Amino acid sequence: MRTYLNGLNEIEDGKSVDVYGWVQETRKIKKLLFLILRDNTGVIQVTVKEDNVNNYDEVYGITRESVIRVNGNVNKKSVSRQGIEIVAMEVEILNMAETPLPMGVIDKVTTDFDTRLNNRFIDLRKIGNSLIFRFENELLFFIREYMHSEDFIEVHTPKIVAAATEGGADLFPVSYFEKKAYLNQSPQLYKEILMGSGFDKVFEVGPAFRAEKENTIRHLNEFTSIDVEVSFADDEYVMGVLENSLEYAINHAIDKIGKVLDENGYGIKKISTPFPRVTYSELIEYLQKNNFEIKFGDDFSPEASKFISQKYDSFYFITKWPAELRPFYTMPDKNNQNITNSFDLQLGDIEVCSGAQRIHNYEILEKNFLKKGLNENSFNFYIKAFKFGMPPHAGWGLGLERLVMNILKLNNVRESTLFPRDRSRLSP
RNA sequence: GCCUCGGUAGUGUAGCGGCCUAUCAUACGGGCCUGUCGAGCCCGUGACUCGGGUUCAAAUCCCGGCCGAGGCGCCA
């Protein structure tokens, strides 16, 4: 039976165990050999003595990062710094690693990010790197748990679509037999159709594709989007869903793995709701007072976003965006047609989520199509759902990698992406 | 799409017209060593992104390609 390395403390002194893992380090002293063995739960020193094993010479020639099985006895009176070791009785080499490694796992030299991504399978052997994805896993688990407890159902909408654009973002074309198709940039239109189907509360976790030629630390051409849509709800309601789910997920994730995160330098704090809210117009005024060249209708430049972010130390909402900066399906404000019932959720100077109440009236939606210069024919599959009983609804879409990046204070969104797809990277 | 910066052993760097037969660290190979734990000591292998050009002389200067980092624009 396999024993995981973090379980060794519970095993009594002298007992025989089988452990499996990677040889992280070797220290050779002629007739004595120390192997530092690593599995996904921790590391342990394995002491190999010539008289104890029958293949000492073979084991002596082992290379770093080779995969082995060790049968041996737990020694809790070890003089090693860890105070515990395994005295090997049997070492089976399951797979010998070639040398030299394309990059080191525990070497003192730094490695360029490009080199790390080219050798991501090794890069992720570093606990600090794989921990990012363990954190993401916890976060997503608790977001799902929250959604289920609120009676949301998880759905899966198509990623290969026919509509040419919903305005703005470029799409990746794919060949679909004799037709032309695209990779979807967002499940938006399908979530809305499901509101017309009476699902009431849906969420989806899935990939989204953007064919924009960006070259920044916060853009990816393929990312994971968490999408939510709720019937008979407005923007205020789904902002509540958003902040409550994040509070639940982040705080539970910290309860579960906060200690390990701390040990690895990711010091993160629990959060509380409600998040502060500020309107777009208030921020425009604020920026103008501080000598920024900006007027109503402009988007915030990266420089302006940085300036704004100095006022907040955690999440904050920017609400009531002008209609011209929002997609065609965004609900205008009842009292002012120039602004919309929309919001962005910011963490630091980066937008992690954007949402709104949607237009549920067919005529207004049609008018918006024409205003934004969109081709109504390619959206028939969507707009048809609005003619036969579409409830009022609202929702949002959240970029998972950006969220993780910002919570853990990483300096590049590619750090929180297992295998990033960006302007130039398509492999691995 | 525009702009800036960069590419030297497996990894990361120094050198920025002649002192380069190219520095250092780490990794790798070999040797010594029965308690190492950033092991130590000795020996060794290993590199100037590619193509043109300038020059008596190019890793070093110029032009172009390729590759990369980042900023801006654009971006439900």
Side-chain angles (χ1 to χ4, degrees), chain A residues 24-36 43-52 56 60-61 63-65 75 77-85 87 97-119 122-123 163 165-171 184-192 208-221 223 225 227 229 298-303 306 321 325-330 340 342-344 350-351 353-356 358 372 374 395-399 402 411-412 414 422-425:
Chain A
Q24 179 166 287
E25 245 177 295
T26 63
R27 293 189 207 105
K28 302 175 177 183
I29 300 146
K30 191 71 173 178
K31 299 233 183 292
L32 189 59
L33 170 63
F34 298 102
L35 303 177
I36 306 302
V43 293
I44 189 78
Q45 173 168 293
V46 174
T47 302
V48 189
K49 294 179 182 173
E50 189 171 26
D51 298 340
N52 289 162
Y56 188 79
Y60 197 82
T63 54
R64 299 198 306 170
E65 297 303 316
N75 173 16
K77 299 181 191 74
S78 168
V79 295
S80 70
R81 297 239 169 99
Q82 230 181 330
I84 179 169
E85 67 179 1
V87 180
E98 285 181 29
T99 60
L101 296 165
M103 60 173 280
V105 176
I106 53 154
D107 293 6
K108 291 142 214 151
V109 293
T110 55
T111 313
D112 287 346
F113 195 29
D114 188 49
T115 306
R116 289 177 45 209
L117 289 176
N118 284 335
N119 299 283
I122 291 183
D123 187 50
T165 179
E166 59 183 75
D170 291 327
L171 293 130
N184 209 176
Q185 62 175 252
S186 154
Q188 181 61 34
L189 307 183
Y190 289 95
K191 289 192 296 183
E192 291 196 69
F209 305 90
R210 303 282 164 88
E212 270 127 26
K213 296 178 177 178
E214 277 124 358
N215 196 199
T216 77
I217 55 165
R218 61 187 181 280
H219 285 98
L220 294 165
N221 293 291
F223 64 94
S225 181
D227 273 86
E229 204 69 32
D298 291 343
D299 206 345
F300 301 117
S301 68
E303 199 195 348
K306 275 195 189 79
W321 289 73
L325 289 180
R326 289 279 150 165
F328 66 85
Y329 49 75
T330 310
T340 55
S342 59
F343 59 89
D344 276 3
I350 290 182
E351 169 200 339
C353 177
S354 133
R358 328 294 191 185
K372 297 263 179 181
L374 296 171
W396 44 258
L398 185 158
R402 277 192 181 186
N411 52 28
N412 193 319
R414 295 167 183 85
D422 62 28
R423 179 72 182 87
S424 53
R425 182 173 287 279

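Proteins get letters first, then strands, A, B, ... in listed order; numbering begins at 1 in each. What you see is a predicted model; the values in this text were computed from it and never measured.
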Go through B/G10, B/G35, B/A76 for me and flag the one nearest to the A/Ser80 side chain. B/G35
A/Arg423 CZ to A/Glu214 CD distance, which is reported to the nearest 0.5 Å: 10.0 Å
Nearest of B/A76, B/G10, B/G35 to any side-chain atom of A/Pro100? B/G10
Is the distance from OP1 or OP2 of B/G1 to the nearest side-chain N or O of A/Lys213 less than 4.0 Å? yes
Suppose you measure atom C1' in B/U8 against the same atom in B/G70; what distance do you get, rounded to whole Å? 22 Å
When we call it a touch if two heavy atoms are under 4.0 Å apart, what does A/Asn412 touch: a base, just sugar-phosphate, or nothing? sugar-phosphate
Does B/C33 have its OP1 or OP2 closer than 4.0 Å to a side-chain nitrogen or oxygen of A/Lys28? no
At a heavy-atom distance below 4.0 Å, what parts of residues 43-51 of chain A sit against RNA chain B? A/Gln45, A/Lys49
Would you mind telling me which of A/Thr111, A/Thr115, A/Asn118, A/Ile122 makes a side-chain contact (heavy atoms from CB on, under 4.5 Å) with A/Pro102? A/Ile122
How would you label the contact of A/Glu303 with the nucleic acid (heavy atoms, under 4.0 Å): base, sugar-phosphate, or nothing? nothing
Nearest heavy-atom approach of A/Ser342 to A/Thr340 is OG-OG1, 2.6 Å
Please tell me which of the listed nucleotides, B/G12, B/A76, B/C33, lies nearest to the side chain of A/Thr115? B/G12
P atom, B/A27 versus B/C67: distance in rounded Å? 33 Å
Can you tell me the base-pairing partner of B/C2? Count Watson-Crick or G-U wobble geometry only, both distances below 3.5 Å, and say none if there is no partner. B/G71
Nearest to the A/Arg27 side chain among B/U26, B/A39, B/G73, which nucleotide is it? B/A39
A/Glu85 side chain to A/Ser80 side chain, donor-acceptor N/O pair below 3.5 angstrom: no
Return the nearest nucleotide to the side chain of A/Asp112; candidates are B/G71, B/G35, B/U13. B/U13
Could you tell me whether A/Thr330 contacts a base, only the sugar-phosphate backbone, or nothing, with contacts defined as non-hydrogen atoms closer than 4.0 Å? nothing
Can you tell me if A/Arg210 touches the phosphate of B/C75, counting only side-chain N or O atoms and a distance under 4.0 Å to OP1 or OP2? no
Would the base of B/G35 count as contacting A/Glu85 through its side chain, where contact means a donor and an acceptor less than 3.5 Å apart? yes
Residue pair A/His219/A/Thr110 against RNA chain B: nearer the 5' end by closest nucleotide is A/Thr110
Is any side-chain N or O of A/Lys31 closer than 4.0 Å to OP1 or OP2 of B/U34? no
What is the nucleic acid contact for A/Thr99, judged by heavy atoms within less than 4.0 Å: base, sugar-phosphate only, or nothing? sugar-phosphate
For A/Ser225 and A/Gly397, work out which heavy atoms get closest and say how close. OG-CA, 4.4 Å
Does the side chain of A/Ser301 get closer than 4.0 angstrom to OP1 or OP2 of B/C72 through an N or O atom? no
Residue matched to B/G18 through Watson-Crick or wobble contacts both under 3.5 angstrom: B/C56
Considering only the C1' atoms, how many Å lie between B/C5 and B/C20, rounded to the nearest integer? 26 Å
Nearest heavy-atom approach of A/Arg326 to A/Gly355 is NH1-O, 3.6 Å
Could you check whether A/Asn215 gets within reach of a base, just the sugar-phosphate, or nothing at all, counting any heavy atom under 4.0 Å? base
Please classify the nucleic acid contact of A/Ile217 as base, sugar-phosphate, or nothing, using heavy-atom distances under 4.0 Å. sugar-phosphate
Same-atom distance (C1') from B/C72 to B/U11, integer angstrom: 33 Å
Closer than 4.0 Å, any side-chain N/O of A/Arg218 to the OP1 or OP2 of B/C72? yes
Of A/Leu32 and A/Arg64, whose nearest nucleotide on RNA chain B comes first from the 5' end? A/Arg64
Taking the minimum atom-to-atom distance to the side chain of A/Lys108, which one of B/A27, B/A25, B/G71 wins? B/A27
Counting only side-chain nitrogens and oxygens, does A/Arg81 get under 4.0 Å of the OP1 or OP2 atom of B/G38? yes
Which part of the nucleic acid, if any, lies within contact of A/Leu101, taking any heavy atom under 4.0 Å across all strands shown: a base, the sugar-phosphate backbone alone, or nothing? sugar-phosphate
Nearest heavy-atom pair of A/Arg414 and A/Thr216: which atoms, and what distance? NH1-O, 3.2 Å
Whether A/Arg425 and A/Asp114 form a salt bridge (side-chain N of Lys/Arg under 4.0 Å from carboxylate O of Asp/Glu) is what I want to check. yes
Closest contact, heavy atoms only, A/Ala356 versus A/Thr330: CB-CG2, 3.7 Å
Is the distance from OP1 or OP2 of B/G35 to the nearest side-chain N or O of A/Asn75 less than 4.0 Å? no
Opposite nucleotide pairing with B/G46, Watson-Crick or G-U, both atom distances under 3.5 Å: none
Using a heavy-atom cut-off of 4.0 Å across all strands, would you classify A/Tyr60 as base, sugar-phosphate, or nothing? base
Answer for the Watson-Crick or wobble partner of B/C41, both distances under 3.5 Å, is B/G31
Distance between C1' atoms of B/U4 and B/C48 (Å, rounded): 24 Å
Taking B/A76, B/G35, B/G68 as options, the one with an atom nearest any side-chain atom of A/Ser424 is B/G68
For the side chain of A/Thr216, starting at C-beta, report the closest nucleotide among B/U11, B/G73, B/A27. B/G73
Nearest-angstrom distance, P atom, B/G40 to B/A25: 12 Å
Point-to-point distance, once rounded to the nearest 0.5 Å, from CG of A/Leu32 to NZ of A/Lys49: 7.0 Å
For B/A25, the Watson-Crick or wobble counterpart (both distances under 3.5 Å): B/U11
